**Q** 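Can you keep this structure in mind? I'll have questions shortly.
Predicted model only: the values in this text are computed from it and were never measured.
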Number of protein chains: 2
Amino acid sequence: MSVSGPAPTVYDVAERSGVSIATVSRVYRNPEAVRPETRERVLAVARDLGYVPSGSARGLASRSTGVLGLCFPDYSDPDVEAAAADDDDAAMLYSDEIIRGMERAARRHGYALLIAGSLQGGSEVAKVAGRVDGFAVIARTVATAELEAIARRQPVVMLAGPREDVDGADHLDHIEVANFDGQRELTRHLIEDHGLRRLAYIATGEDSPDVQARFRGFLAACHAAGVEVDDEPALRVWMTQAEGARAADVLCERGGELPQAFLFANDQMAVGALHALERRGLRVPDDVVVTGFDGIPLSRLVRPPLTTVRQPMLRMGEAAVDLLVERLSGQRTGDPVSMMLPVAVVPRASCGCGEEVAAGPGGR
Amino acid sequence: MSVSGPAPTVYDVAERSGVSIATVSRVYRNPEAVRPETRERVLAVARDLGYVPSGSARGLASRSTGVLGLCFPDYSDPDVEAAAADDDDAAMLYSDEIIRGMERAARRHGYALLIAGSLQGGSEVAKVAGRVDGFAVIARTVATAELEAIARRQPVVMLAGPREDVDGADHLDHIEVANFDGQRELTRHLIEDHGLRRLAYIATGEDSPDVQARFRGFLAACHAAGVEVDDEPALRVWMTQAEGARAADVLCERGGELPQAFLFANDQMAVGALHALERRGLRVPDDVVVTGFDGIPLSRLVRPPLTTVRQPMLRMGEAAVDLLVERLSGQRTGDPVSMMLPVAVVPRASCGCGEEVAAGPGGR
DNA sequence: GCGCTACCTGTAAGCGCATACATCACACTG
DNA sequence: CAGTGTGATGTATGCGCTTACAGGTAGCGC
């Protein structure tokens, strides 16, 4: 009933099917090179021995693993019991979407995906780097210097984060999202198309480069339109729904004129604010406009549907795999590339735009 | 700029730091066994050589990889371009949550996670099985016979699916969710606490064992309460929002008395139905009660908040890792276990229950 | 000063597979 | 019938590391 003895190897299969280990190996790696009847015989033996080729041995011998990797940060509560019970946390994360994008793309290219999160920049990199042919790292998960050293010997692509992070890194490919452009465009939309001028930007406490870029995009649009704004966000809170609700409360109770619009640095906060405003009896968008950033699925489902900027996270995962595969296949060998994925402003009811996008789930 | 030569090995590090390869190895595997100054010297050399131990070689030599695996089905549109643009599909999937649960739990135990999806039961199992110390498989991804053969040599746990699937499998551990109990309990709630008797169950087209169990739970509750129902679901549609909306429309237009409640086999369909009913001017829960199943995050965010049954997907991932680790550490060696995770009915406004749970995101 | 122990380091033998190369059988060609 | 090519298989080596086991050195008590 329990695990029975050591796993069978090529030697076992070879012996029992009366061939050499080379032939067994060929049955798996290069089946056409083996006579059909031999092949069948070997496979039959393998099957009833429960033989599975050792990935480690194969990796060693062939100098490639057939696996791509991803290192991502996990900011979650270390106490997983709590995290599991936490609704807010159960929403789809940034990284989940990248994982899915990468896994699908990797599979298309015949690779599997090895993932390893890290809490405080632990050295899971080494664990990953050593067992994959190439890997992606979400920005700020691993020190750039360490990555650069590894990237000298194996393809590495950095995801998100600003380009400056990879300046001076001669080997890191880089993919980022047009945070700046997206927030600027959304802000421009509010100013020009909706005629708003009193705007409050709510950023996050962590100094995420992405959030910084978004805020700069916001500033740029304001300056371009001659709208007065502070050089600092109106508020900084954590990027959760609860905190977004709190932010809305704070801004409402802060003296002076109520802003015409709350621009949140992500959707989660914006959704929280929507609820807080509803409780206060303020109507969105009539009394105040609310916008988010990310384009998470529920941004479309809240009432009113949330105007936001859609980030192509799945695409980012795919693009990462593409870059890695290009390097691995030798199609590309030169200097590192730095690509920027476009984002799309998604105007919905929370900024006063038509209901057409909010019509419902049927409207694909 | 490009990848420069072969990766450095223990030999390179050993040579340049004037020690033997055994010492280099010990620096990584058993640092206390090496004199501190030696250790530092080796690490320094390793660092500036960009040395990373080869996972394959280590795996071969030590007969363990430090990696756990997960095989899951991916029903998504093979055309990823389309899938990426598809909102419905961008919702958090079943598997995403399991992946996250497993990754976190694996990390706590010092393992990384290797994931491989499969479209039509391709043999990604072999790819995974060969490179991990143990792995989990979501039901119906891989033929049970094949799994059983592998499970003779390495811990394997089957996730979800009915217990019958692992009957006769002497080596497969098994984790399932109390689908039957959950749906029965929810149904009982509608019948007894809300006094409803005309219930319509909407199942899915695929004959998922989980959905079947849910339907049986529904039937059991009806029979127990003496409520008349067909032996077949009122309708079978795909498990998407769009299809849920369509289902609601069909049921509304079907002649005869309108059911008092629509019980959907999952949340996605129920959310779709909510929108469809709103369009038709029907009020939930006053005109008709709607319930879902799964407890996905957006079930709490739609209006009205959706009564549902919460499935502990993160827990399932954790439990899978726990089982694997127990086997690997030799803490457990006997017959396979089959555990059932409890679910919780979450009564919310869509069945007429209090608004307290729907108060907002702040209410943790 | 001797033997003993404790600690550190080196030696060497694989781990299971891929693969270049050698071998062999078997047509075919001329 | 020797000569030559072709396809199937075997032989042998090494991939980079872990890990007994075997030294070697220094400290200790007597």
Side-chain angles (χ1 to χ4, degrees), chain A residues 5-43 45-46 49-67 126-127 129-133 150 153-154, chain B residues 5-43 45-46 49-67 126-127 129-133 150 153-154:
Chain A
T9 70
V10 268
Y11 297 102
D12 302 312
V13 176
E15 188 178 358
R16 301 218 193 182
S17 49
V19 299
S20 73
I21 62 162
T23 298
V24 175
S25 175
R26 276 190 279 260
V27 165
Y28 289 91
R29 301 276 75 74
N30 190 10
E32 304 80 34
V34 176
R35 194 157 23 113
E37 35 189 310
T38 311
R39 194 192 312 153
E40 291 313 321
R41 188 154 35 96
V42 170
L43 284 177
V45 172
L49 239 47
Y51 169 73
V52 177
S54 152
S56 295
R58 179 189 313 194
L60 225 207
S62 69
R63 269 161 293 269
S64 88
T65 65
V67 178
K127 290 183 53 174
R131 11 188 98 273
V132 302
D133 293 337
I150 295 176
R153 325 300 303 224
Q154 117 182 238
Chain B
T9 72
V10 268
Y11 296 102
D12 302 312
V13 177
E15 189 177 358
R16 300 219 194 181
S17 48
V19 299
S20 73
I21 61 164
T23 298
V24 175
S25 176
R26 277 190 279 261
V27 165
Y28 289 92
R29 301 277 73 72
N30 189 12
E32 305 80 36
V34 176
R35 192 156 27 113
E37 34 189 310
T38 312
R39 195 193 311 153
E40 291 314 320
R41 189 153 36 94
V42 169
L43 284 177
V45 171
L49 240 46
Y51 169 72
V52 176
S54 152
S56 294
R58 180 191 312 199
L60 223 207
S62 68
R63 270 162 291 268
S64 89
T65 64
V67 178
K127 290 183 53 173
R131 9 189 100 271
V132 301
D133 293 337
I150 296 177
R153 323 297 309 218
Q154 130 181 228

**Q** Does B:R63 make a side-chain N or O approach to OP1 or OP2 of C:dC15 shorter than 4.0 Å?
**A**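 It does not, given that no N or O in the side chain of B:R63 lies less than 4.0 Å from OP1 or OP2 of C:dC15.
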**Q** To the nearest angstrom, how far is A:R131 atom CZ from D:dC17 atom P?
**A**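 Taking CZ of A:R131 and P of D:dC17, I get 12 Å after rounding.
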**Q** Specify the separation, in whole Å, of atom CZ of A:R58 and atom P of D:dC15.
**A**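 Rounded to whole Å, this separation is 20 Å.
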**Q** Just call it for B:T23: base, sugar-phosphate, or nothing, with non-hydrogen atoms closer than 4.0 Å on any strand.
**A**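 Here B:T23 touches the backbone only, sparing every base.
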**Q** Hey, does the side chain of B:S54 come within less than 4.0 Å of D:dG16's phosphate (OP1/OP2), counting only N and O?
**A**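 False: B:S54 side-chain N/O out of range (4.0 Å or more) of D:dG16 OP1/OP2.
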**Q** What distance separates B:R26 CZ from B:T23 OG1, expressed to the nearest 0.5 Å?
**A**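 One finds 5.0 Å between CZ of B:R26 and OG1 of B:T23.
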**Q** Which part of the nucleic acid, if any, lies within contact of A:V34, taking any heavy atom under 4.0 Å across all strands shown: a base, the sugar-phosphate backbone alone, or nothing?
**A**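 If one applies the 4.0 Å heavy-atom cut-off, A:V34 turns out to touch the sugar-phosphate alone, with no base involved.
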**Q** Side chain of B:Y28, base of D:dC17: donor and acceptor closer than 3.5 Å?
**A**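 Checked by distance alone, the answer is no.
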**Q** When the distance from CG of A:N30 to P of C:dC17 is rounded to whole Å, what number comes out?
**A**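 Rounded to whole Å, this separation is 17 Å.
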**Q** Say you draw a straight line from OH of A:Y51 to CD1 of B:I150; how long is it, rounded to the nearest 0.5 Å?
**A**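 A:Y51 OH to B:I150 CD1: 12.0 Å, rounded to 0.5 Å.
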**Q** Counting the atoms with a prime plus P, OP1 and OP2 as sugar-phosphate, which does B:V19 contact under 4.0 Å by heavy atoms, base, sugar-phosphate, or nothing?
**A**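 Sugar-phosphate only.
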**Q** Does B:S56 reach a base, just sugar-phosphate, or nothing at all? Heavy atoms under 4.0 Å.
**A**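 Since no nucleic acid heavy atom lies under 4.0 Å of B:S56, the category is nothing.
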**Q** Please give, in whole Å, the distance from C:dG14 P to B:I21 CD1?
**A**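 My rounded result for the distance is 15 Å.
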**Q** Grab the CZ-P distance between B:R153 and C:dG16 for me, whole Å please.
**A**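 Going from B:R153 (CZ) to C:dG16 (P), I get 12 Å.
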**Q** Map B:R26 and A:A57 onto DNA chain C by nearest heavy atom, then report which one ends up closer to the 5' terminus.
**A**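 Result of the comparison: B:R26.
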**Q** Quick check on C:dG16: is either OP1 or OP2 less than 4.0 Å from any side-chain nitrogen or oxygen of A:T9?
**A**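 For A:T9, the contact criterion (side-chain N or O under 4.0 Å from OP1 or OP2 of C:dG16) is not met.
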**Q** Taking CG from B:L60 and C1' from D:dT19, how many angstroms apart are they, rounded to a whole number?
**A**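 For the pair B:L60 CG and D:dT19 C1', the rounded distance is 14 Å.
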**Q** From B:R131 CZ over to B:T65 OG1, what is the distance, rounded to the nearest 0.5 angstrom?
**A**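 Answer rounded to 0.5 Å: 9.0 Å.
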**Q** Output the distance between atom CD (B:E32) and atom CZ (B:R39), rounded to the nearest 0.5 Å.
**A**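 Answer rounded to 0.5 Å: 7.0 Å.
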**Q** What I want to check is whether an N or O donor and acceptor connect the side chain of B:Y11 with the base of D:dC17 at under 3.5 Å.
**A**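 When only heavy-atom distances are counted, B:Y11 does reach the base of D:dC17 through a donor-acceptor pair under 3.5 Å.
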**Q** For A:S25, which contact category applies under a 4.0 Å heavy-atom criterion: base, sugar-phosphate, or nothing?
**A**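 Here A:S25 touches the bases of the nucleic acid.
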**Q** Can you check the B:R35 CZ to D:dG24 P distance for me, whole Å?
**A**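 B:R35 atom CZ is separated from D:dG24 atom P by 17 Å.
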**Q** Hey, does the side chain of B:T38 come within less than 4.0 Å of C:dT9's phosphate (OP1/OP2), counting only N and O?
**A**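 Affirmative; the distance criterion is met.
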**Q** Once you round it to whole Å, what is the distance between P of D:dG10 and CD of A:E15?
**A**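 Distance check: A:E15 CD to D:dG10 P gives 13 Å.
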